[in-house]
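Here the structure comes first, spelled out in structure tokens, and everything after it is commentary.
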Amino acid sequence: MTASHLPRGEVSRLGLRGKSFDAAEHGGPGGIMTAGSGVTLGVLLLTEYDRLKDEQRGRIAFRDNLIYAMLASAAAVLAAALRSGFEAGFLLILPPVSLLLGWTYLVNDQKISAMGEYIRNTLAPRLASTAGTEEEVFGWETAHRSDTRRVWRKRLQLAADLTAFTVTPAAAITAYLLSGPLTGMLVAITVLEAVAVCVLGLQIVLYADLAS
């Protein structure tokens with residue numbers, strides 16, 4: 001939501017008109033913004049907020065789809081193993097797939113949280129200061145975190161993430177060790193997969209946003 005999309009009264013209330021960049025302060029005549037260009041600091045901050053929210057929404061949608069991709073992958077590997085008369089070697093395909101999807105999920109989840117933190121702690125205070133107001137800006141960015149049940153929901157989400165990306169491949173590894181041919185090379189692969197799954201699980205726990 002840029003200033004052009006705000007009601008005229010809201011723009012005036014925030015004081016976004018008239019706070020143009022100063023050429024000397026922001027790069028001088030050679031800079032991108034110059035005095036009198038009609039671009040205000042408030043407009044730039046709102047534009048940055050727009051871009052961040054667009055990217056955040058896209059990352060959220062992509063991240064959530066990775067859960068379904070993980071479930072589909074697990075079902076496909078299990079189906080392949082059953083069709084082959086339960087050839088246990090097929091189970092070793094699942095851990096690498098889980099690691100790829102899980103790491104991608106973790107990276108996107110961390111970026112989503114980092115964007116929210118930046119908006120709350122940096123962008124919103126800067127916009128409020130620019131507007132010359134002590135009112136909270138982008139209140140929803142902090143209001144939704146004040147829910148008393150948020151921590152429990154995040155813990156349940158953490159449990160779901162661990163189940164999808166670490167418990168599922170760990171179960172596949174265990175099933176292989178109990179029923180598969182234990183050749184030297186396959187055992188070595190199994191050990192490497194198990195270590196990688198443990199590392200992924202640790203990273204998911206460390207990056208879990210459980211703060212109230």
Side-chain angles (χ1 to χ4, degrees), residues 51-121 141 144-145 147-212:
R51 299 296 181 268
L52 284 172
K53 294 306 290 185
D54 285 343
E55 182 178 351
Q56 192 179 53
R57 282 190 291 268
R59 286 185 177 274
I60 288 173
F62 180 71
R63 177 200 64 183
D64 293 348
N65 285 332
L66 290 172
I67 295 289
Y68 302 117
M70 182 62 219
L71 294 175
S73 299
V77 170
L78 181 59
L82 292 175
R83 282 197 304 268
S84 65
F86 202 76
E87 175 60 45
F90 278 102
L91 297 175
L92 295 182
I93 299 174
L94 186 57
V97 174
S98 301
L99 291 169
L100 176 62
L101 295 176
W103 184 255
T104 306
Y105 180 96
L106 177 62
V107 169
N108 276 273
D109 191 59
Q110 189 276 328
K111 293 296 183 184
I112 291 165
S113 297
M115 289 176 190
E117 183 178 358
Y118 173 76
I119 291 172
R120 291 190 303 273
N121 299 335
E141 299 291 340
H144 75 93
R145 298 175 61 87
D147 185 355
T148 56
R149 293 183 291 274
R150 177 184 180 277
V151 174
W152 282 106
R153 288 199 305 273
K154 296 297 290 185
R155 288 175 179 172
L156 290 174
Q157 183 62 54
L158 174 60
D161 295 344
L162 290 174
T163 299
F165 298 113
T166 61
V167 174
T168 300
I173 292 172
T174 302
Y176 169 77
L177 292 175
L178 293 176
S179 59
L182 300 180
T183 64
M185 184 179 68
L186 290 179
V187 169
I189 292 174
T190 301
V191 171
L192 290 175
E193 289 180 346
V195 171
V197 167
C198 290
V199 171
L200 175 62
L202 178 61
Q203 292 299 308
I204 290 175
V205 171
L206 291 177
Y207 280 100
D209 183 13
L210 300 178
S212 60

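Here the structure is a predicted model, which means the values were calculated and not measured.
Put simply, CD1 on Ile60 and CD on Gln56 are 5.0 Å apart, with the number rounded to the nearest 0.5 Å. Note that the CG atom of Leu200 and the CG atom of Leu99 stand 6.0 Å from one another [nearest 0.5 Å]. Here the CG-OG1 distance, from Leu92 to Thr190, works out to 4.5 Å after rounding to the nearest 0.5 Å. Here the straight-line distance linking atom CG of Leu162 with atom CD of Gln157 works out to 10.0 Å at 0.5 Å rounding.
Of the possible polar contacts, one joining the Thr168 side chain to the Thr163 backbone as a donor-acceptor pair under 3.5 Å is found.
Residues that satisfy the side chain to side chain donor-acceptor pair (under 3.5 Å) test with Glu117, not counting sequence neighbours, are absent from this structure. For Tyr207, the side-chain contact (heavy atoms from CB on, under 4.5 Å) partners are Leu106, Gln110, Gln203, not counting sequence neighbours. The ring pair (Phe, Tyr, Trp, His ring centres under 6.0 Å) search around Phe165 returns Tyr105, not counting sequence neighbours. For Arg149, the salt bridge (charged side-chain N to carboxylate O under 4.0 Å, His left out) test picks out no residue, with sequence neighbours left out. Judged as a side chain to side chain donor-acceptor pair (under 3.5 Å), and not counting sequence neighbours, Lys111 has no contacts. Taking Glu193 as the reference, nothing meets the salt bridge (charged side-chain N to carboxylate O under 4.0 Å, His left out) condition, with sequence neighbours excluded. Ile119 is linked by a side-chain contact (heavy atoms from CB on, under 4.5 Å) to Tyr49, Leu52, Lys53, Leu123, Phe138, Glu141, counting only residues two or more places apart in sequence or in another chain. The side chain to side chain donor-acceptor pair (under 3.5 Å) check on Arg155 picks up nothing, with sequence neighbours excluded. Scanning for side chain to side chain donor-acceptor pair (under 3.5 Å) contacts around Arg59 gives Glu55, Asn108, with sequence neighbours left out.
Contacts classified as ring-ring contact (aromatic ring centres under 6.0 Å, His included) and involving residues 58-83 (residues at least two apart or in different chains) are not found. The salt bridge (charged side-chain N to carboxylate O under 4.0 Å, His left out) contacts involving residues 63-85 comprise Arg63-Asp109, where partners must be two or more places apart or lie in separate chains.
Side-chain atoms of Asp161 and Ile67, non-hydrogen and from C-beta on, do get closer than 4.5 Å to each other.
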Pairs under 3.5 angstrom only: tabulate donor-acceptor contacts from the side chains of residues 173-187 to other protein residues two or more places apart or in another chain.
from, atom 1, to, atom 2, distance (Å)
Thr174, OG1, Ala170, O, 2.9
Tyr176, OH, Pro181, O, 2.3
Ser179, OG, Ala175, O, 2.7
Thr183, OG1, Leu186, N, 3.4

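In terms of heavy-atom proximity, Leu94 sits nearest to Ala74 at CD1-CA, 3.8 Å. Pairing each heavy atom of Ala164 with each of Pro169, the nearest pair is O-CD, 4.0 Å.
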